[in-house]
Amino acid sequence: MKAAVCYEFNKPMVLEEVSLREPGKGEVMIRVAATAICHSDIHDMKGEMPGGVPFIGGHETAGYIEKLGEGVTSVAIGDPVVVSLLAHCGTCYYCTTGNPHLCEHRFDPPQEPRVRNKNGKPLDLKGNIGGFAEHVVVDISQVVKVPKDMPLDRAALLACGVITGFGGVVNRAKVRPFQSVVVMGVGGVGINSIQGAAYIGAYPVIAVDVLDGKLKLAKKFGATHTVNAKNEKAVDEILKLTHGRGADYVFVTVGSTAAISQGVTFAAIRGTVAMIGLPNYKSQVSLTPLDMIPTEKNLIGSFMGATNLQQDIPDLINLYRTGGLKLDELVSGHFPLEKINEAMALTEKGEGFRNVIMFE
Ligand SMILES: [Zn+2]
Ligand SMILES: [Zn+2]
């Protein structure tokens, strides 16, 4: 099969024939229909995430079940599915206490490498998926069946960007109606935190970005107010909009440690700052004890929107179908696999929310 392989950080991916092994016990093979480009893919390409080369990126995938491994009964050949990086064992402490996204085995690589290049070298698969390829083999726990009439370029977005943003607000922070929310960064994740905050009834929902075009879009997705952090003293604007207190919740969806430090200044006394966007994994956040202690602020991490795939993806699809979740508007472009380097460059420029690689 054809795949886009990264052999060197900061260099274009190489399109080449690779070999995919058969699905083993508890695994399925999927014919990929669509894989969206996430900002984490850019980090991977630049070597800003742990792991070396060579690898195949892509972890926001949707496609059709093509082969079933031993013991798989929950899906059938031909079923359309979303494929997420959220593998879970189903039996560990976190799986059995309602947090499968924190499964102790979620990052375990498969026992046998799934993909090798023509020289027989195993290729690392990001998210244990490697969706920038015509087929993938994944663990059955990573797969959620979707209705047959669900467009798969939209469905792919549910694998990461949508659940990370929306779930961060709804599942992880559990924002309640009329609590005030700031979303820092109106990108592929932030726009979904805005949708989540609007859905849950937060008020105000304040979008913060440095691009006026993005802030305009934020309003279409439910932001009640916008602040351009470049033009205004953002903290003053946020205090004005929150009775002088600051926000109950600040969601930092940009991958920047400076934004996390700034986010703490946006939060109210006892407010919560949720780190969602992944900065370079070697970077450090700068805070003083006085930023946190006298104000009793909370700083929390939020991973993949604390999503329970089997429960949340069908709910989000129902919300999409009844007009409560915008997905169509998130797709900014479709590209064939041959143009993946071009699509990545556009994503890096921050144009549009999601560029999707299409395989059919
Ligand atoms: Zn992602
Ligand atoms: Zn587990």
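Counting convention: from 1, in listed order, for ligands and their atoms alike.
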Would His105 count as a contact for the Zn ion (ligand 2), in the sense that one of its N, O or S atoms lies under 2.8 Å from it? no
Short N/O/S contact of His39 with the Zn ion (ligand 1) (below 2.8 Å): no
Looking from the Zn ion (ligand 2), what is the angle between SG on Cys103 and SG on Cys95, to the nearest 10°? 100°
Could you tell me whether Arg21 and Glu27 have a side-chain N and a carboxylate O separated by less than 4.0 Å? yes
Tell me which N, O or S atom of His59 sits nearest to the Zn ion (ligand 1). NE2
Would you say Arg176 has more than 12 foreign heavy atoms packed within less than 6.0 Å of its CZ? no
Between Tyr199 and Phe166, is the ring centroid distance below 6.0 Å? yes
Angle at the Zn ion (ligand 1): provide the value between SG of Cys38 and SG of Cys160, rounding to 10 degrees. 130°
May I ask you to establish whether Arg106 and Phe303 are in a cation-pi arrangement, using a distance under 6.0 Å from NZ or CZ to the six-membered ring centre and at most 45° from the ring axis? yes
Glu17, CD atom: more than 12 neighbouring heavy atoms under 6.0 Å: yes
From Cys92, does some N, O or S atom reach closer than 2.8 Å to the Zn ion (ligand 2)? yes
